[in-house]
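Taking it in order: structure first as structure tokens, then the write-up.
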Amino acid sequence: MLPHDQENSSNIHGGSSNVLVRARIDSISLQIEPNGPTCNVSPRVNDDRVSDHQQSHHAKLSILRESLHPVTLKFEDVSYTIKLESNKRGYFSSHQQKQTRMILQNVMGIVKPGELLAMLGPSGSGKTTLLTSIAGRLHGKFSGTITYNDQQFSSSMKRKIGFVTQDDVLYPHLTVLETLTYAALLRLPSKLTNQEKIEQAELVIMELGLTRCRNSMIGGQLFRGISGGERKRVSIGQEMLVNPSLLLLDEPTSGLDSTTAQRIMSTLRWLARGGRTVVTTIHQPSSTLFRMFDKIIVLTEGCPIYYGKSSLVMEYFASIGYAPGFNFMNPADFLLDLANGITHDTRHDDQHELIMKQDQSENQNATKQSLISSYRKNIYPLLKEEINQSCNRPIRSSSTST
Ligand SMILES: Nc1ncnc2c1ncn2[C@@H]1O[C@H](COP(=O)(O)OP(=O)(O)OP(=O)(O)O)[C@@H](O)[C@H]1O
């Protein structure tokens, strides 16, 4: 079952079955905040022909569809430095020189419930480090502020965060159903009965379209199991079980074919539209994938060169003198080139490669510095204002950033 198919299907929020669902939600000791997501697109259906069974089934699905604690994430001037220890004279020298390296520098952003933010940038640009800091798992010299509904990170917030890491750890000998059932038994609150926990695992399997492989083993290096895309969905499912308000994912589509990647991104978008705040890193998205992001942040060597709506990114770079040399270019390819300091020239196409090579060797750093300064001049002040203005205000579903 495709999640976006479900977006089009009826989702019942009224009726007695809904009361039961609410009762169950309450029994998970979660409460609906007054600033509920305004972006939930579930239509209300009042059709007597829908059977009780169907009603209860759809209503149960809505448990996973809605976030119960919408979270507005803000990260302001996040910088992170690490200490590098290197030998001064040689490998066996006891004289060690301590150097520092800046991994992130003044990174800012705001993501509201219902929004999907993608972090883009070349390998080593700091995407995972930023995601880890948002998850509250970064240790070391870290400065700046990260808040969740204007509150600092706390253990109660930790429980509302789902973090899907790049290298998912799954037991190869368990089936999909066993993996998710054990996760449900271990992670769901003790107020739920075991039967209810098992039902939640079944719901997640349906929601993520894993029904066909529910009894297949995960597999590993020694024996083949489910596919890479299914495996990634199992990892996402493990986090979905606890209905996180803030879902963070590190490279959820890496190594997957474009159709599977698109399917996973549809799932993430659908989770966001249920009032969750979704942040993902991504390496090389296709243009179809790119269009699914509400907002993007583009990093080069730890510094942002763009933050804002994905639909406005090309316009922004064109306004500061950077445009792709030809039409129909995947915006993500263009942005990654820019983040690497490679500009596209509008001159004749067969000169293009040569120009790119020259840029790489001679002008890369200058281009990056120019992009960083343009960001500081054009985007940073507006973003700072947006973050300050949204302080303690009701959460809205639309974004007003660049
Ligand atoms: N604890 C650490 N010690 C040494 N280097 C580190 C440490 N943490 C991060 N780095 C370096 O910081 C840079 C950013 O790393 P990060 O994993 O955030 O990049 P990334 O953009 O996610 O890369 P990729 O796309 O390849 O996963 C890299 O050059 C990495 O080697």
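Atoms within each ligand, like the ligands themselves, are counted from 1 in listed order. Excluded from the calculations below are hydrogen atoms, water molecules and symmetry mates; all remaining heavy atoms, backbone and side chain alike, are included. Since this is a predicted model, take the numbers as computed values, not measurements.
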*Go through R212 and E230 one step at a time and tell me if the side-chain contact (heavy atoms from CB on, under 4.5 Å) criterion holds.*
CA-CA 10 Å; R212 269 195 305 172; E230 288 163 344; 5.9 Å; no

*Decide yes or no for L249 and I236: does some side-chain heavy atom of the first lie under 4.5 Å from some side-chain heavy atom of the second?*
yes

*Are any of the side-chain nitrogens in R263 or D257 under 4.0 Å away from the carboxylate oxygens of its partner?*
no

*Going by atom types alone, do Y375 and N106 pair a side-chain donor with an acceptor below 3.5 Å?*
no

*Side-chain touch K74/M108, heavy atoms, less than 4.5 angstrom*: no

*Near ligand 1, which residues have a heavy atom under 4.0 Å away from one of its atoms?*
I82, R101, I103, P122, S123, G124, S125, G126, K127, T128, T129, E251, H283

*Side-chain donor-acceptor pair under 3.5 Å between T281 and D250, yes or no?*
yes

